[in-house]
Number of protein chains: 4
Amino acid sequence: MRHKKQAKRAAILEAALREFTDNGFADARLSAVARNAGVAKGTLYLYFDSKEKLFEGVVRETLLPSGEEGIISDNPHHLSTEAFRRSMLASVADLQNSGRSGIALVVLTEGRQFPQLVEIYVNAVLEPVLAQIDRLAHSDDTARLDVLRRFPQLLIAPVIAGLLWNRFMTGYPPIDLVDIASAQLALVLGDEAASNTAESNEIMD
Amino acid sequence: MRHKKQAKRAAILEAALREFTDNGFADARLSAVARNAGVAKGTLYLYFDSKEKLFEGVVRETLLPSGEEGIISDNPHHLSTEAFRRSMLASVADLQNSGRSGIALVVLTEGRQFPQLVEIYVNAVLEPVLAQIDRLAHSDDTARLDVLRRFPQLLIAPVIAGLLWNRFMTGYPPIDLVDIASAQLALVLGDEAASNTAESNEIMD
Amino acid sequence: MRHKKQAKRAAILEAALREFTDNGFADARLSAVARNAGVAKGTLYLYFDSKEKLFEGVVRETLLPSGEEGIISDNPHHLSTEAFRRSMLASVADLQNSGRSGIALVVLTEGRQFPQLVEIYVNAVLEPVLAQIDRLAHSDDTARLDVLRRFPQLLIAPVIAGLLWNRFMTGYPPIDLVDIASAQLALVLGDEAASNTAESNEIMD
Amino acid sequence: MRHKKQAKRAAILEAALREFTDNGFADARLSAVARNAGVAKGTLYLYFDSKEKLFEGVVRETLLPSGEEGIISDNPHHLSTEAFRRSMLASVADLQNSGRSGIALVVLTEGRQFPQLVEIYVNAVLEPVLAQIDRLAHSDDTARLDVLRRFPQLLIAPVIAGLLWNRFMTGYPPIDLVDIASAQLALVLGDEAASNTAESNEIMD
DNA sequence: AATGAATGAGACTTCATTCAT
DNA sequence: TATGAATGAAGTCTCATTCAT
């Protein structure tokens, strides 16, 4: 009955992910979570002590698994621009296509009430990326990377803004996160298309 | 006793701004608003029909006043890069120093439940800025502005991300919104300092 | 300024009559009364101590005036059947055409909470009528009036039922109170049309 | 624990019937209902969505059960006077002895705010009776029944008036509903004693 | 006398959490 | 372990009444 229990836990987390993503924390209803997980309301409390703990569970187990593989996975201490670019765009693509972007938004968005969740998120997701960016920023001493030393957030900003835009500015055409991230990378790192391909939306000086 | 009433209305709006900014919409307590405004709970309803209307009132009267002067005020149809830069940085500075950034964040953050507030916000704040950016993007045919035609949001993204960062990533050094906006402007429009000074990306008026 | 004050009092009573009639006691709003009377809410309290007192005032001054002339006016101790019939039908016609029927209904209907209002109403309106009926019932020893001695209410029942019907059974054709009262009179007292007059609102086939 | 739940539902309905009967809709307190039902306030909402739904529930489940058996049950298309009389008096007796008369009064009384409840009541209770009366009125062409064709309500009027009287004219001897209904039946249909005895006060010319 | 802004008790309702089964 | 009925604190909102002007 080991995996029976794990399966139920997974069902709860999945339902909770959906509910939190759709409605945010404050407006999420445990009754909806239970219903969608196919369990009774009381059962939730056999797995999670409170609504907050459930949210924490969702955040941990939704964000961390892919966080572990590393949002930007790489090996060396020194990072090539191209490797970084590929890695980052892959992460963004992953984020865009998984359910994780939704919960990330909730964390960011309702972070006020859950500092420790922000911490989890930061540790699991943001720190590695920022560390990556920092490494990149110092991997090359061209002046153009200088800005990344001062504002490593600059590379993620368009992704975050894009997430918000896509969620709330319904009625406007959605932003493709990979495209906008790519554009920003081009601005900061130089247009990679310039170096390789011909067809691309080049941004350059 | 005309101004007496207006004063009370102002006190309520101020207390509400604070409460909504601190706790978001769902967790804002009308009792706290009343207490901080120095009025009875029922009094709130003499000025606003409901919690939602109060929120709307805060949004309108907090955002719009500066929206009217135009977040980016200007005259000509054609926009010089420098004029745009100055105008945008002034707006960001204004945003950073006023209480408006907080409520803007709440609007963005709880936009799901209040589409019409998002609309207000978009109309009053975002549209003008985006229109401005668009005008800029078409004011000059250098290829480098091309990216703005595809992603006008790119110029505001660092500001938005910075707002979120500053609010939730307590424990990290805060981002100066003017600085990061300035850095992004330099990336997109070219470093204007480059044309004047030798090395530095500081932004000036 | 004597009549100035009286005029204001009258305006309040009139507005209150309308409000109570339209919405009953519980759902009557003093703000509506004040608005329709053209005075401030606080002003009401210069004339009436409370909502209940205002209601009482309405009942007294709406019902009593015509109660004084006597819902059934008459002189002798002995009452002829015809005189009674005329008197009663006149009263019913009066009731139907004045605003009084509405307030009477409210009194009857919300009497639970206002025993003293019922008392007022009973004293002012019902008692005289019942006394009248009783006198009639004993004015003639034909057996046929016997039923009135046991149930003097029988003569007013159709009027009361008719009032309720007309107020709540919207969607059904309304009952003409004079007609139904007349029919009941015919049942109880015999068809007067048969015996005497040509002109009258007699009901017969 | 199926019946446990049903029992609680019944307890709530019973307490609500009492509360609504005693205080009307507007002045009924859900806290009182909960207290008298022996449940917590929130429990009410497990069974009924709102105060209005609770009221509706009381009305349906209090009035309808006996409405189903038919307030006046009978079979043939043609109705004998005696059968009708018995049936009607039985219904009145039933009404008088059950809790239903109270709630019926509330429905009639607060009908303004609950048109759909009036409809329920009318459909379940009044329509059948009126249909019955109508059938009776056409079952026999004696002129004396003519009045029933014009005012079928005439037969129920004394019952309604009696209900009001008994509820509000406390301090007066109560009216026995069966007796007054019987008296009215005698007036309209002729004294049933007539069929037995020789001398009677039949009304007609 | 008149105003109308202000009050605050109290109503209905929600929902995270508990607990008997 | 699982249930889901039950709880009750707490929230928003109403409105008769008061009171400073």
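Residue numbering restarts at 1 for every chain, and letters A, B, ... go by the order of the sequence lines. Only heavy atoms go into these numbers, but all of them, side chains included; no hydrogens, no water, no symmetry mates.
- B:R18 is linked by a salt bridge (Lys or Arg N to Asp or Glu O under 4.0 Å) to B:D22, counting only residues two or more places apart in sequence or in another chain.
- Remark: P of F:dA2 and CZ of A:F48 are 13 Å apart, rounded to the nearest angstrom.
- Ring orientation note: the planes of A:F25 and A:F20 are close to parallel, at an angle under 30° on the 30°/60° scale.
- In this model, the phosphate group of E:dT3 is approached by a side-chain N or O of C:T43 to a distance below 4.0 Å at OP1 or OP2.
- OP1 or OP2 of E:dG10 has not a single side-chain nitrogen or oxygen of D:R29 nearer than 4.0 Å.
- Atom CD1 of A:I12 and atom C1' of F:dT3 are 13 Å apart (whole Å).
- Within the model, atoms CD of D:E52 and CG of D:L117 stand 8.0 Å from one another, a figure rounded to the nearest 0.5 Å.
- Each of A:L30, A:V58, A:L13 was compared with A:F48 under the side-chain contact (heavy atoms from CB on, under 4.5 Å) criterion, and only A:L13 meets it.
- Following rounding to the nearest Å, B:D27 (CG) and F:dT12 (C1') show an atom-to-atom distance of 14 Å.
- Interatomic distance, D:L105 CG to D:L163 CG, rounded to the nearest 0.5 Å: 5.5 Å.
- Comparing atom distances between the C:K8 side chain and each of E:dA16, E:dA2, F:dA16 picks out E:dA2 as nearest.
- Counting heavy atoms from C-beta outward, D:M169 and C:V122 have side chains that approach closer than 4.5 Å.
- Residue B:A28 is classed as a sugar-phosphate contact, given heavy-atom separations below 4.0 Å to backbone atoms only.
- Shown here is A:E56, whose CD atom has more than 12 heavy atoms of other residues, nucleotides or ligands within 6.0 Å.
- Checking the phosphate oxygens (OP1, OP2) of F:dA6, a side-chain nitrogen or oxygen of D:Y47 falls inside 4.0 Å.
- B:K51 NZ to B:Y45 OH: the interatomic distance, rounded to the nearest 0.5 Å, is 8.5 Å.
- Counting only Watson-Crick and G-U wobble pairs whose two distances sit under 3.5 Å, DNA chain F takes part in these stems of three or more pairs: E:2-21 with F:2-21.
- With the nearest nucleotide of DNA chain F identified for both D:L44 and B:A26, D:L44 has the one nearer the 5' end.
- Along DNA chain E, the nucleotide nearest D:G42 and the nucleotide nearest B:G38 are compared for position; the residue whose nucleotide lies closer to the 5' end is B:G38.
- We find that CZ of B:F55 is positioned 17 Å from C1' of F:dT12, with the value rounded to whole Å.
- Residue C:K41 has no polar side-chain atom (N or O) positioned under 4.0 Å from OP1 or OP2 of E:dG4.
- Within the structure, every side-chain polar atom (N or O) of D:K51 is placed at least 4.0 Å from both OP1 and OP2 of E:dT13.
- F:dT17 atom P lies 10 Å from atom CG of C:D49, rounded to whole Å.
- Distance D:Y45 OH to F:dG11 C1': 13 Å, rounded to the nearest Å.
- Between the CG atom of B:L46 and the P atom of F:dT14 there is a distance of 11 Å, rounded to whole Å.
- For the pair D:A40 and B:S31, nearest-nucleotide mapping onto DNA chain F gives the more 5' position to D:A40.
- Taking atom CG of residue A:L30 and atom P of nucleotide E:dT18, one finds them 12 Å apart after rounding to whole Å.
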